[in-house]
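The figures that follow rest on heavy atoms only: side chains count, while hydrogens, waters and symmetry mates do not. Naming convention: chains lettered A, B, ... in sequence-line order (proteins, then strands); numbering from 1 in each chain.
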Amino acid sequence: MKPETQKTFFSRVYTIVRKIPRGKVATYGQIARAIGAPGAARTVGWAMRVCPEQVPWHRIINARGEISLRPATGYHEQRARLKAEGVHINRAGKIDLKKYGWKQI
DNA sequence: CGAATGACCAAGC
DNA sequence: GGCTTGGCCATTC
């Protein structure tokens, strides 16, 4: 494997995620592409599972604009945090990516 | 090293 | 809108 991958694939993910401004959200695939690993969206999810405190993990959602967590793993907390930042979630549990999506990539 | 795992994604019905 | 299928990828066992 490459030294870069070896160093910590996760640290790259965290670096990108920390750049997401308050009130904005990004998708797993978006993060994956940002670190030069398109297709590694699943791995990004894995990284979020062990994320440090400084990482705004709650701003990461799936490509459909929905919270990918299950009620038992932290869905409620994520929804509450997003709401606190002004991100509106409709009745179907979806977020308008065109409005809240992070277009910095 | 092979097989399983998971906060994914796109396409089809 | 909701479910299924096949494909991706790093990490873990």
Side-chain angles (χ1 to χ4, degrees):
Chain A
M1 0 174 144
K2 289 183 171 184
E4 308 169 43
T5 318
Q6 215 169 15
K7 288 193 175 174
T8 45
F9 178 88
F10 292 173
S11 64
R12 290 192 172 198
V13 176
Y14 303 141
T15 300
I16 299 295
V17 176
R18 279 197 215 92
K19 293 179 181 175
I20 302 175
R22 190 169 178 279
K24 294 288 181 180
V25 297
T27 69
Y28 297 93
Q30 203 172 2
I31 301 301
R33 286 192 290 274
I35 62 178
R42 297 195 85 156
T43 310
V44 173
W46 195 277
M48 291 300 99
R49 197 171 74 130
V50 294
C51 69
E53 288 181 29
Q54 295 79 12
V55 181
W57 56 271
H58 55 283
R59 294 181 192 145
I60 308 301
I61 59 180
N62 63 28
R64 293 181 187 175
E66 302 175 312
I67 292 176
S68 193
L69 289 172
R70 291 185 293 175
T73 48
Y75 174 86
H76 302 298
E77 186 180 348
Q78 180 165 12
R79 194 175 64 168
R81 288 189 178 226
L82 289 174
K83 184 181 178 182
E85 295 190 350
V87 178
H88 177 69
I89 301 177
N90 67 28
R91 196 172 52 191
K94 289 188 178 179
I95 297 172
D96 187 350
L97 285 174
K98 293 199 173 185
K99 187 175 182 181
Y100 303 107
W102 187 43
K103 305 141 189 168
Q104 200 62 50
I105 298 182

Exercise for the section: Go through the structure and list residues passing salt bridge (Lys or Arg N to Asp or Glu O under 4.0 Å) with A:R18, not counting sequence neighbours. Expected result: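 So A:R18 forms no salt bridge (Lys or Arg N to Asp or Glu O under 4.0 Å) with any residue.
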
Distance-only donor-acceptor pairs under 3.5 Å for side chains of residues 34-57 of chain A, two or more places apart:
none

Exercise for the section: Assign A:F10 to base, sugar-phosphate, or nothing according to its heavy-atom contacts below 4.0 angstrom with the strands shown. Expected result: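 The answer is sugar-phosphate, as A:F10 gets under 4.0 Å only of primed atoms, P, OP1 or OP2.
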
Problem - B:dC1 to C:dT12 separation - C1' atoms, rounded to the nearest Å - result: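 It works out to 13 Å between them.
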
Handout entry: Residue A:M48, side-chain heavy atoms: nucleotide from C:dG1, B:dA7, B:dC9 that is nearest
Key =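 For the A:M48 side chain, the nearest candidate turns out to be B:dA7.
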
Problem - Closest listed nucleotide, where the reference is the side chain of A:W46 and the choices are B:dA10, C:dT12, B:dA7 - result: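 So the side chain of A:W46 is nearest to C:dT12.
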
Could you tell me how far apart [X] ([atom1]) and [N] ([atom2]) are, to the nearest whole angstrom?
X	N	atom1	atom2	value
A:E77	B:dA7	CD	C1'	13 Å
A:I35	C:dT11	CD1	C1'	14 Å
A:N62	C:dC3	CG	C1'	15 Å
A:E66	C:dC3	CD	C1'	13 Å
A:Y28	B:dA10	OH	P	14 Å

Problem - Summary of side chain to side chain donor-acceptor pair (under 3.5 Å) pairs that have at least one residue in residues 90-105 of chain A, sequence neighbours excluded - result: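 Listed by first then second residue: nothing to list.
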
Problem - Qualifying residues under side-chain contact (heavy atoms from CB on, under 4.5 Å), relative to A:L97, sequence neighbours excluded - result: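 A:L97 satisfies side-chain contact (heavy atoms from CB on, under 4.5 Å) with A:V25, A:T27, A:I61 once adjacent residues are dropped.
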
Practice task
Sequence neighbours left out, what passes side-chain contact (heavy atoms from CB on, under 4.5 Å) with A:R22? Give chain and number order.
Solution key: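 Only A:R59, A:E85 meet the side-chain contact (heavy atoms from CB on, under 4.5 Å) criterion with A:R22.
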
Under-3.5 Å N/O pairs linking protein and nucleotides 4-9 of chain C:
from	atom 1	to	atom 2	distance (Å)
C:dG7	O6	A:R42	NH1	3.3
C:dC9	O2	A:T43	OG1	3.0

Problem - For A:G23 against A:V87, the heavy-atom pair lying closest together - result: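 Between these two residues, the closest heavy atoms are O-CG2, 3.6 Å.
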
